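The structure appears right after this line, and notes come after that.
All figures in this text were calculated on a predicted structure; none of them were measured in a lab.
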Amino acid sequence: MVRPSGTWGGGISEQMQIGIPKEIYEGECRVATTPEVAQHLQKLGFTVAVESGAGEAASFPDESYQDAGVEVVAEAAELWASSEIIFKVRAPEREEIGYLEEGKILVSFIWPAQNEELMKELAVTGGTVVAMDSVPRISRAQKLDALSSMANIAGYRSVVEAAQHFGRFFTGQITAAGKVPPAKVLVIGAGVAGLAAIGAARSMGAIVRAFDTRPEVKEQVESMDADFLMLEFEDEEDGAGEGGYAKVMSEAFIKAEMDLFREQAREVDIIITTALIPGKPAPKLILADMVELMKEGSVIVDLATEQGGNCELSEAGKVVVKHGVTLIGYTDLPSRLAAQSSQLYGTNLRHLLTDLSPEKDGTVDVNMEDEVIRGATVIKDGEITWPPPAPKLSAAPRKEEAEKEPPPSAPEPIRKRSILGVVIPALLGGLVLLGVGAGDLPETFMKQFTVFILACFVGYMVIWNVTPALHTPLMSVTNAISSIIIIGALLQISSQSNWIMWLAAVAILITSVNIVGGFAVTRRMLEMFRRE
């Protein structure tokens, strides 16, 4: 029996319960909520219940949940019946689908494009289903992007698995027993998983190379001290697809790509593949002949085996050796770091619930007008709402659209300064100069006054007439250079007049600070643009 609430029960406000059942998928060690995350969920006004033993495999015993104020329920059926919201990691198994009822909300990974039959079965229940794998990849939704969280862990763990099966050091060493060369690692696909793999491999001392069809990731790869492999290809082709994923490339591009991988296979020791295209089988990037070209004892980690695999010879969920090369095809890499994965996934769910419950009153509102919630909601009250409208990823037009846009009919007018704004200061300046010239003043004063006027003019043109965005780097240099006035102060400090001597001393102090500070600021700014 579903308890009434402000959203679902016609105006009666009562806390909704979040239930976390134990994952029954074989080998799954993650849990949808940790004790720490559960405390945050309670602050949003919800009660939390967890099935007994749900967190054991992730090192979260029932006692830790109880200490966090979470109710521990013995049976899964009882948990599903008493909870309005269900948090899961894996998509529900057949025996779990019947627990979903009208008015309940299920949140988990669903993969609607690959699980059409599951979607139909879930829709029949009349419940609402939110798929964490369908969260739109826009800036506002990054905090609940569970795919990126899991990909980050998978990329890191792929290097750990490669190191376990690789027979040498990753880092190079020079010892009394001889020289040990560093391992060479090729990462194919520089998305979240790929960048995590690059970072882990570099931290272990390997020489890392990376390839991606999206040119915009080149700077990210190089910022992590890895080499980005450029494809020598006559026709410029952008591999960026919707949602930040790669897209299917042309046949000519794929042929050039295969030639590059074949060449790299002869040189590298470890290949990590992460390439996926949404809604389609994983592209075959490492063919059987490439595996044969690799050195004995080399390793390939295929992170795409669940979608068919990037390597032609890899097998999902298995580690096999073919042609002397170890092929790792694990599909549960995030589950192999269950505690960390559960924490990150639970945090993603908490952020989702924050969006679903803006009032923090223990009730939810599945607002289909919200772009993020609409994108993640694949079934609403028994009605399949997937696929959602394409998110607006950027206000900037795509390259093809920009080329089609006609040139503007006329350039925008350049803002000009007011005539009075120029004439009045000029007249005032002229009157001041006329008054000074008409007076009976010493010749030395006139010479110094002339230098003063010229200095003001040069200072205006060099400093005040510069774009404000350039003031910081410009001032740091010009302040140091303009402090040449310290020379004048040094010449005057030996004056017989006490006033002149003290003024010269103050000038020396101030300009010394100016010189040191100017060069210090310049150095710090230059360091910002220098790679380690």
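Of the inter-residue distances, the one linking D289 atom CG with M258 atom CE reads 10.0 Å to the nearest 0.5 angstrom. A distance of 8.0 Å separates CD of E222 from CZ of F228, quoted to the nearest 0.5 Å. Annotation: the span from D269 atom CG to R168 atom CZ amounts to 5.0 Å, rounded to 0.5 Å. Note that CD of E23 and CZ of R30 are 8.0 Å apart. Values are rounded to the nearest 0.5 Å. Atom-to-atom distance recorded for Y330:OH and K318:NZ is 12.0 Å, nearest 0.5 angstrom. Atoms SG and CD1, on C311 and I272 in that order, are 13.0 Å from each other to the nearest 0.5 Å.
Looking at S357, its side chain never comes within 3.5 Å of a backbone N or O of T354 through a donor-acceptor pair. No donor-acceptor pair under 3.5 Å is formed between the side chain of Y345 and the backbone N or O of Q340. Of the possible donor and acceptor atoms, none in the side chain of D225 sits under 3.5 Å from a partner among the backbone N and O of R202. T331 places no side-chain N or O within 3.5 Å of a backbone atom of G317 that could act as its donor or acceptor partner. Side-chain atoms of D145 come within 3.5 Å of backbone atoms of S148 as a donor-acceptor pair (strictly under, hydrogens ignored). T377 places no side-chain N or O within donor-acceptor distance of the main-chain N or O of I379, the cut-off being under 3.5 Å. Side-chain atoms of Q42 do not come within 3.5 Å of backbone N or O of T47 as any donor-acceptor pair. Under a 3.5 Å cut-off, the side chain of R157 and the backbone N or O of E161 do not form any donor-acceptor pair. In terms of modelled atom types and a separation under 3.5 Å, the side chain of S341 and the main chain of L337 share a donor-acceptor contact. S223 places a side-chain N or O within 3.5 Å of a backbone atom of Q220 that can act as its donor or acceptor partner.
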Trace of the side chain to side chain contact (heavy atoms under 4.5 Å, CB included) decision for E36 with Q343: CA-CA 8 Å; E36 179 185 341; Q343 181 65 35; 3.5 Å; yes

Chi angles and distances behind the side chain to side chain contact (heavy atoms under 4.5 Å, CB included) call for W386, S134: CA-CA 9 Å; W386 189 88; S134 297; 4.0 Å; yes

Trace of the side chain to side chain donor-acceptor pair (under 3.5 Å) decision for R350 with T33: CA-CA 9 Å; R350 173 172 67 86; T33 295; over 6 Å; no

Residues L287, K284; criterion side chain to side chain contact (heavy atoms under 4.5 Å, CB included); working and verdict: CA-CA 7 Å; L287 306 181; K284 297 298 180 185; 4.2 Å; yes

Check against side chain to side chain contact (heavy atoms under 4.5 Å, CB included), I188 and T274: CA-CA 6 Å; I188 300 177; T274 70; 6.0 Å; no

Trace of the salt bridge (Lys or Arg N to Asp or Glu O under 4.0 Å) decision for R90 with E306: CA-CA 13 Å; R90 293 275 183 170; E306 200 165 9; 3.5 Å; yes

Test log, rule side chain to side chain donor-acceptor pair (under 3.5 Å), inputs D332 and S335: CA-CA 5 Å; D332 61 347; S335 185; 5.1 Å; no

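V187 places a side-chain heavy atom less than 4.5 Å from the side chain of V185. Contact check for S108 versus M132: no side-chain heavy atoms found under the 4.5 Å cut-off. Looking at Y65 and V48, their side chains never come closer than 4.5 Å, going by heavy atoms from C-beta outward. No side-chain heavy atom of V31 sits less than 4.5 Å from a side-chain heavy atom of V89. Side-chain atoms of E51 and I20, non-hydrogen and from C-beta on, never get closer than 4.5 Å to each other. Between I86 and S83 the shortest side-chain heavy-atom distance falls below 4.5 Å.
Among I328, N310, V291, the one residue that satisfies the side-chain contact (heavy atoms from CB on, under 4.5 Å) test with I300 is V291. Of the listed residues (T305, T273, D302), just one forms a side-chain hydrogen bond (donor to acceptor under 3.5 Å, both in side chains) with S314, and that residue is D302.
Side-chain rings of Y25 and F109 stay apart, their centers remaining 6.0 Å or farther from each other.
Open room surrounds NZ on K22; 12 or fewer heavy atoms of other groups in view lie less than 6.0 Å from it. Atom NZ of K360 has 12 or fewer heavy atoms from other residues, nucleotides or ligands within 6.0 Å. Atom CD of E116 has 12 or fewer heavy atoms from other residues, nucleotides or ligands within 6.0 Å. By the neighbour-count criterion of 12 heavy atoms within 6.0 Å, atom OH of Y156 is sparsely surrounded, having that number or fewer from other residues, nucleotides or ligands.
With sequence neighbours excluded, no residue forms a side-chain hydrogen bond (donor to acceptor under 3.5 Å, both in side chains) with K143.
R374 has no carboxylate O lying under 4.0 Å from a charged side-chain N of D370, or vice versa, which leaves the two without a salt bridge. Comment: E267 does not engage K295 in a salt bridge, judged by the lack of any side-chain N to carboxylate O separation of less than 4.0 angstrom. Salt-bridge check for E315 with K322: passed, with a basic side-chain N closer than 4.0 Å to an acidic carboxylate O. A salt bridge does not link R209 to D227: none of the charged nitrogens lies less than 4.0 Å from a carboxylate oxygen.
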